[in-house]
Amino acid sequence: AASSLYRTGQIYESREDYEGAIIAYQRLSNDFAKYQIAVDSLLRVKDIYATKMKQNNKTIDKSIEAYYEVLNNYPENKKTPEVLMELAKFYKEKKGDAENSIKTYQQVIEKFEKDPKAYDAYMEIARIHEENKDYKNLAQTYNKLYEAYPTHEKADKTLFEIAQIYEINLREYKKKRIDDKTYFRLEKNNLNEAVKYYTKIVDNFPQSKYAPAALMKIGDILNTDMANGLDARLMYKAVVEKYPDSKEYAQALETYNKMR
């Protein structure tokens, strides 16, 4: 009987009788609530509202209701992480609601930390922060991602992203007035954070392609921003000695020789 109702819903869908399909699927979910086919039928209801019917405020709200009907009734279902990911995306794309999108992605991270979707959820949250140019939260999100997945194949890239955010996007200058003249002084706190994360790459991932780039970045910050040529020279020397096959080698050698 359950499979017959599901087939009935499919037939209604093929005829573009979406109201009839929804009635069939909802009856199935009510009558056979303990079975996976009930979940699948509710997902069809969600898909009808979200992709089949003409999009307006009513169908968008109905789609969200359908998502929550699945999530509230089957919170431990194997498809729940995927449903949460879809709902988060739906909030962002259809409602323009970045706040609820982030909250929904966070549910994936908190409730399903061992599911591969959790990593994807971190990345989607990061993407939202980047789109909004919210670099402080972007750096924090990447840091949480690294702490959750320190051995991930892209962990070195994650650290490099964090370091670059602190070096470039969160670079700060403090305005100061002296004798009726305005001066801007470079604040070094975030640059120190950048150096910290670049150093983590060198220490934790010495074989990574990002390691010589991180050393160059540390050298440039020390030399240009912190007027510490002595330590900067050691960074360039490290690139020359440890990474002769890297693309950074030539620039490191040139800079190192100029500083001798």
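Predicted, not measured: the structure shown is a model, and the values here were computed from it.
In terms of the side chain to side chain donor-acceptor pair (under 3.5 Å) criterion, K217 has no residue partners (sequence neighbours excluded). Checked against side chain to side chain donor-acceptor pair (under 3.5 Å), N143 has the following partners two or more places apart in sequence or in another chain: E147, Y197. Scanning for side chain to side chain donor-acceptor pair (under 3.5 Å) contacts around D220 gives Y236, with sequence neighbours left out. Shown here are the side chain to side chain contact (heavy atoms under 4.5 Å, CB included) partners of L186, two or more places apart in sequence or in another chain: R171, Y173, L191, D225. D245 pairs by the side chain to side chain contact (heavy atoms under 4.5 Å, CB included) definition with nothing, not counting sequence neighbours. The ring pair (Phe, Tyr, Trp, His ring centres under 6.0 Å) check on F112 picks up nothing, with sequence neighbours excluded. The side chain to side chain contact (heavy atoms under 4.5 Å, CB included) check on A121 picks up M85, Y105, V108, I109, with sequence neighbours excluded.
Looking at heavy atoms from C-beta onward, M226 lies in side-chain contact with I221 at the 4.5 angstrom threshold. Contact annotation: the side chain of N77 approaches that of Q36 to within less than 4.5 Å [non-hydrogen atoms, C-beta and beyond]. Considering only heavy atoms from C-beta on, K209 stays 4.5 Å or farther from K247 through its side chain. Contact annotation: the side chain of E248 never approaches that of Q251 to less than 4.5 Å [non-hydrogen atoms, C-beta and beyond].
Here the closest heavy-atom approach between residue K54 and residue T59 is recorded as O-OG1, 3.0 Å. For the residue pair P212 and V239, the shortest heavy atom distance occurs at O-CG2, 3.8 Å. Here the shortest heavy-atom pairing between G9 and A21 reads O-CB, 3.5 Å. Taking both residues in full, the closest heavy atoms of P81 and D115 are given as CG-OD2, 3.7 Å, listed atom of the first, atom of the second, then distance. Shortest non-hydrogen contact noted between M216 and A252 is SD-CB, 3.5 Å. P150 and A155 make their closest contact through O-CB, 3.5 Å (heavy atoms, listed as atom of the first residue, atom of the second, distance).
Pairs engaging residues 3-23 under the salt bridge (charged side-chain N to carboxylate O under 4.0 Å, His left out) rule: E13-R44 [sequence neighbours left out]. Evaluation of the ring pair (Phe, Tyr, Trp, His ring centres under 6.0 Å) test over residues 136-162, restricted to residues two or more places apart or in two chains, returns Y119-Y149, Y119-H152, F160-Y198, F160-Y210. Counting only residues at least two apart or on different chains, the ring pair (Phe, Tyr, Trp, His ring centres under 6.0 Å) pairs with a member in residues 51-75 are Y67-F90.
For the atom pair D156 CG and K200 NZ, the distance stands at 13.5 Å (nearest 0.5 Å). Residue K92 holds its NZ atom at 14.0 Å from CG of L87, rounded to the nearest 0.5 Å. S3 contributes atom OG, which lies 10.0 Å from atom CD of Q10 (distance to the nearest 0.5 angstrom). Rounding to the nearest 0.5 Å places CG of L222 at 14.0 Å from CZ of R233. From L253, atom CG reaches atom CD of E241 across 11.0 Å, with rounding to the nearest 0.5 Å. Atom NZ of K117 is separated from atom OG1 of T80 by 12.0 Å, given to the nearest 0.5 angstrom.
For N56, the CG atom sits in a packed shell: over 12 heavy atoms of surrounding residues, nucleotides or ligands are nearer than 6.0 Å.
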* Would L71 and Q107 satisfy side chain to side chain contact (heavy atoms under 4.5 Å, CB included), going step by step from the backbone distance to the final call? -> CA-CA 11 Å; L71 295 170; Q107 288 186 53; 5.8 Å; no

* Asked: Could you go step by step and tell me if E99 and K103 meet the salt bridge (charged side-chain N to carboxylate O under 4.0 Å, His left out) rule?
  -> CA-CA 6 Å; E99 182 179 353; K103 286 180 180 178; 3.3 Å; yes

* To do: Check the pair I102 / H129 against side chain to side chain contact (heavy atoms under 4.5 Å, CB included), numbers first and verdict last.
  => CA-CA 9 Å; I102 289 173; H129 288 318; 3.7 Å; yes

* Between Y12 and I23, is a side chain to side chain contact (heavy atoms under 4.5 Å, CB included) present by the stated rule, with each step listed? -> CA-CA 10 Å; Y12 278 125; I23 291 171; over 6 Å; no

* Check against side chain to side chain contact (heavy atoms under 4.5 Å, CB included), E130 and R127 -> CA-CA 5 Å; E130 187 169 16; R127 186 173 289 109; 5.6 Å; no

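Both V39 and V83 are part of a single hydrophobic cluster, where members link through side-chain heavy atoms under 4.5 Å apart. Both M235 and F205 belong to a single network of hydrophobic side chains, linked directly or stepwise wherever heavy atoms of I, L, V, M, F, W or Y lie under 4.5 Å apart. Residue Y91 is grouped with residue M123 when hydrophobic side chains (ILVMFWY) are merged at heavy-atom distances under 4.5 angstrom, including chains of intermediate members. Linking Ile, Leu, Val, Met, Phe, Trp and Tyr whenever their side-chain heavy atoms come within less than 4.5 Å leaves L234 and V240 in two separate clusters.
Side chain of N192 to backbone of K188: a donor-acceptor contact under 3.5 angstrom is found. Here the side chain of N190 pairs a donor or acceptor atom with the backbone of L170 at under 3.5 angstrom. Side-chain atoms of S101 come within 3.5 Å of backbone N or O of A88 as a donor-acceptor pair.
Under the 4.5 angstrom side-chain criterion for Ile, Leu, Val, Met, Phe, Trp and Tyr, the cluster partners of I22 are L5, Y6, Y18, Y25, L28, F32, Y35, I37, V45, I48, Y49, M53.
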Could you list the donor-acceptor pairs under 3.5 angstrom formed by side chains in residues 133-140, with sequence neighbours left out?
{"residue": "D134", "atom": "OD1", "partner": "N137", "partner atom": "N", "Å": "3.4"}
{"residue": "D134", "atom": "OD2", "partner": "N137", "partner atom": "ND2", "Å": "2.8"}

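Each of E65, E86, E82 was compared with K46 under the salt bridge (charged side-chain N to carboxylate O under 4.0 Å, His left out) criterion, and only E86 meets it.
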